[in-house]
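Data first, discussion second: the structure below is written as structure tokens.
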Amino acid sequence: MRNKWQAFEQETGLSVARDVSLRRFSSLGIGGLAAGAVMVETAEAIKKVYAAAEGLAIPVKIIGGGTNVVFTDAGFSGLLVRLGEGFKKIDVQGNRMTAGAAVHLAAIITKSMEAGLAGVEKLAGIPGTLGGAIHGNSGNRDYWTSKAVSAVTFWDARGNTLKTLPAGQLEFGYRQSLFQKIPAIVLSAEFSLTPAPRENLVAEVNERMHYRSATQPVGRSVGCIFKNMKDRSAGQLIDEAGLKGRAIGGLAVSDIHGNFFLNDGRATFRDFEELVKIVQTEVEKKFGTHLELEVEIVKEQSATAKGPEGAENAKTENRSLRRWKVSGEGNFV
Ligand code: EPU
């Protein structure tokens with residue numbers, strides 16, 4: 001009898017890599033195995049993947065640059081989907097730029113500088129792909145992806161349709177977007193840019209890159225672990241709670257920035273969970289503030305376990321797992 005992966009391959013015409021280590025799909029370098037992984041090149045292929053996965057009850061997780069996702073030691077029992085070369089195009093026409101979801105933000109910024117167009121340069125230094133940046137509305141303290149993007153084209157799993165919506169209808173907020181709420185995959189986005197002297201753009205990018213390298217550590221991390229409060233930086237609270245350098249197993253709170261955890265190569269998800277708990281507890285004790293996770297944890301499919309965020313998170317997780325695994329650093333590598 002055919003197993004479900006063979007059936008999936010036959011239905012989609014795609015080849016599935018089996019038992020793939022998740023470590024290389026998260027910049028934190030933690031995680032067990034994904035039962036299957038596949039690369040898609042067209043919107044049509046995405047459609048087929050979701051149709052086949054639904055029929056065969058295979059959970060699907062779209063992954064982008066992996067710079068904001070944390071995998072568990074148990075891994076992922078479903079199918080990891082990545083967007084390939086077909087989603088890596090950038091096109092500039094006058095003041096409008098269109099980019100595929102798998103394009104890295106850095107490439108978009110470089111292209112806009114070459115074209116002498118302003119509007120994305122303030123995102124300089126943010127790692128990951130456009131799809132992930134839109135999904136999580138990635139940003140700095142004063143500028144977010146949603147400010148740069150004018151419209152997004154996505155595949156909506158609810159009606160099996162392609163849609164394009166203006167940024168104003170995408171429910172963007174601090175590290176939030178519509179794509180965290182609905183089963184959809186960002187395919188491309190449009191930017192409405194304005195002409196600007198190249199040297200100004202280069203200066204802006206250099207300043208931001210310099211600030212990052214002066215204030216953030218280099219190493220295996222997923223950037224900031226916790227969300228900021230309205231008026232306080234989570235990193236500052238962690239720092240003032242005396243937690244810099246605190247380590248569990250192979251994972252430590254960075255000495256440079258309190259909101260970064262660094263993996264020395266040996267860290268496990270258990271280390272992550274424990275360090276999250278310690279930091280939350282200590283900060284709560286000292287400041288009475290609950291730190292909420294900013295990174296996304298991709299739970300094992302059967303997940304009934306409560307994550308560091310507690311029962312409410314587990315409930316939400318289970319709701320979204322009922323159909324697809326929607327998430328992530330979002331979409332695309
Ligand atoms: N601070 C400390 N100690 C620390 C870290 C920060 O005292 O260990 C202080 C800084 O001195 C500064 C303030 O806290 O006065 C803010 O620090 P920073 O400028 O580094 O910004 P942040 O609020 O910690 C946010 C984003 C980062 C983004 C930076 C730079 C969040 C959760 N973090 O960090 O985003 O790179 O601004 O614009 O919104 C990410 O999302 O992964 C991320 C790294």
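Worth knowing before you read on, the calculation uses all heavy atoms, side chains too, and leaves out hydrogens, waters and symmetry mates.
The closest donor-acceptor contact from the side chain of Glu292 to the backbone of His290 lies at 3.5 Å or more, if one exists at all. In this structure, the side chain of Glu41 engages the main chain of Gly86 through a donor-acceptor pair within 3.5 Å. In this structure a side-chain-to-backbone donor-acceptor pair under 3.5 Å is missing from Thr12 to Val49. A donor-acceptor contact shorter than 3.5 Å links the side chain of Asn259 to the backbone of Ile225. Between the side chain of Arg175 and the main chain of Glu294, no donor-acceptor pair closer than 3.5 Å is present.
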Report task. Test Thr129 against Val103 for side chain to side chain contact (heavy atoms under 4.5 Å, CB included), laying out the working first. Result -> CA-CA 5 Å; Thr129 59; Val103 178; over 6 Å; no
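Under a hydrophobic clustering in which Ile, Leu, Val, Met, Phe, Trp and Tyr are joined whenever their side-chain heavy atoms come within less than 4.5 Å, directly or via other members, Ile256 and Leu237 fall into different clusters. Connection of Val276 to Leu262 is not established within any shared hydrophobic cluster, with ILVMFWY side chains joined at heavy-atom distances below 4.5 Å, either directly or through further cluster members.
For Phe71 and Phe76, the distance between ring centers is not under 6.0 angstrom.
A side-chain donor-acceptor contact under 3.5 Å links Thr164 and Thr153. Between Ser177 and Asn137, the side chains place no donor N or O within less than 3.5 Å of an acceptor N or O (distance only, hydrogens not considered).
A salt bridge is absent between Arg198 and Glu121: the closest approach of a Lys/Arg side-chain nitrogen to an acidic carboxylate oxygen does not fall below 4.0 angstrom. Salt bridge Lys277/Glu274: absent, no basic N to carboxylate O contact under 4.0 Å. A salt bridge between Asp156 and Lys163 is present, with a side-chain N of the basic residue lying under 4.0 Å from a carboxylate O of the acidic one. Salt-bridge formation is detected for the pair Asp142/Arg208: a Lys NZ or Arg NE/NH1/NH2 atom is positioned less than 4.0 Å from an Asp or Glu carboxylate oxygen. The pair Glu240-Arg232 counts as a salt bridge, with a side-chain nitrogen and a carboxylate oxygen less than 4.0 angstrom apart.
In this structure, Ser15 and Val38 approach most closely via the heavy-atom pair O-CG2, 3.6 Å. Across all non-hydrogen atoms, the minimal contact from Ile109 to Ser112 is O-OG, 2.9 Å. For the pair Lys122 and Glu204, the tightest heavy-atom approach, listed with the atom from each and the gap, is CG-OE2, 3.8 Å. Of all the heavy atoms in Gly235 and His257, the pair that sits closest is CA-CE1, 4.0 Å. Of all heavy-atom pairs between Asn140 and Ile126, the closest is OD1-CG1, 3.9 Å.
Under the 30°/60° scheme for interplanar angles, the aromatic rings of Phe269 and Phe272 are found to lie parallel. Ring geometry, Tyr50 versus Trp155: the interplanar angle falls from 30° to 60°, so the pair is classed tilted.
Summarising the hydrophobic clusters (Ile, Leu, Val, Met, Phe, Trp, Tyr; side-chain heavy atoms under 4.5 Å, direct or chained), the residues clustered with Trp144 are Tyr174.
One distance of note links NE2 of His135 with OG1 of Thr145; it measures 12.5 Å at 0.5 Å rounding.
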